[in-house]
Number of protein chains: 2
Amino acid sequence: MDEPRVADVDDTDHRLLALLREDGRRTFSDMAPRLGLSVAAVKRRVDRLRETGVITGFTVQVDATRLGWGVEAFTEVRYAGSTPVGDIVSTASTVPEVQAVYTIAGDPDALVQVRARDLADLQRVIDRLRRAGTITGTKTLMVLGRWTRA
Amino acid sequence: MDEPRVADVDDTDHRLLALLREDGRRTFSDMAPRLGLSVAAVKRRVDRLRETGVITGFTVQVDATRLGWGVEAFTEVRYAGSTPVGDIVSTASTVPEVQAVYTIAGDPDALVQVRARDLADLQRVIDRLRRAGTITGTKTLMVLGRWTRA
DNA sequence: CCTGAAAAGCTTAGGCC
DNA sequence: GGCCTAAGCTTTTCAGG
């Protein structure tokens, strides 16, 4: 558990990660010629990047709108100083609509990313968040549009 | 281009997507028995989910901290009413540290997610954002901790 | 229209240099 | 890092419901 915070990652590793960010299902034999390496060398690098914790996993990217989850929002949460940080996270993470919880230095205390079916659903989620711990206030930012890298 | 906003996705599709969210490199033959389908049926479903735009792609998940990008923040941006929405997005997206730009209804006008090497780097990014369009103010929320679904 | 089964070709895993 | 081989996976094709 005493691993270095920053792993040794050379330029080839960065190019490899860029290829996998573009398409996480690329095969080793697809990447090998692009990187100027043998197929086995690519596999060894990917294995090493997983072992050193640089690569934490692979996932599918889904268009939530096409699944009927068309409402996106960020809710800023402020709570009493006595509330442990973990409380808001553990409560929020049980709500399926909550995608991410960021604990923040200063004001607000946390930022909660939400994906909801509709506005009534969003309302329900916010109500639920307000019941967690000793929350003193929330402010919800409705997302109109988004641009995401890659 | 006149596709339905919400695609037909049955329960098996949802279970399939859950498996791929867990591990985007799962093989069809790994998923087939878990879904109670043949290998070919799984492939056909994945192909269909891509064609209908439900699956937009596959990607690798990387621990930015281990790559030396240890600072994460959200910057709220407020700008003059005359500034077109696209301006802030097109400017911000040219900054490599900017991970995502969310345009917001109300106040603030946008929320910019940033990954920076250190605080000096973050400062540079915020300065750059402030020079974009006619920005009237920014407020940066420093991320102390994060919880993300999956 | 949907599904499942089989075969060729390709990819991966692991040992070796 | 490269090369090799066995095992496993993907893709296509074909037949059935």
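All figures in this text were calculated on a predicted structure; none of them were measured in a lab. Below, chain A is the first sequence line, B the second, and so on; all start at residue 1.
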Where do B/R124 and B/D121 land on the salt bridge (charged side-chain N to carboxylate O under 4.0 Å, His left out) test, with the steps shown first? CA-CA 5 Å; B/R124 235 175 292 125; B/D121 186 23; 3.2 Å; yes
When all nucleic acid strands are considered with a 4.0 Å heavy-atom cut-off, which category describes B/R45: base, sugar-phosphate, or nothing? sugar-phosphate
Please give, in whole Å, the distance from D/dG1 P to A/D10 CG? 8 Å
OP1 or OP2 of C/dA13 sitting under 4.0 Å from any side-chain N/O of A/R44? no
The side chain of B/L37 lies closest to which of these nucleotides: D/dT10, D/dG2, C/dG4? C/dG4
Taking only side-chain nitrogens and oxygens of B/S38, does any of them come within less than 4.0 Å of OP1 or OP2 of C/dT3? no
Nearest-angstrom distance from the residue atom CG of A/D13 to P of D/dG1: 8 Å
Which nucleotide in the list D/dG1, C/dA13, C/dG4 gets nearest to the side chain of A/F28? C/dA13
Under 4.0 angstrom between A/K43 side-chain N/O and C/dA13 OP1 or OP2: yes
Between B/F74 and A/Y102, ring centroids under 6.0 Å: yes
Looking at A/E72 and A/R115, is any side-chain nitrogen of the basic one under 4.0 Å from a carboxylate oxygen of the acidic one? yes
Between B/T75 and B/T138, is any side-chain donor less than 3.5 angstrom from a side-chain acceptor? no
Choosing from D/dT10, D/dC3, D/dG1, which nucleotide comes nearest the side chain of A/A40? D/dC3
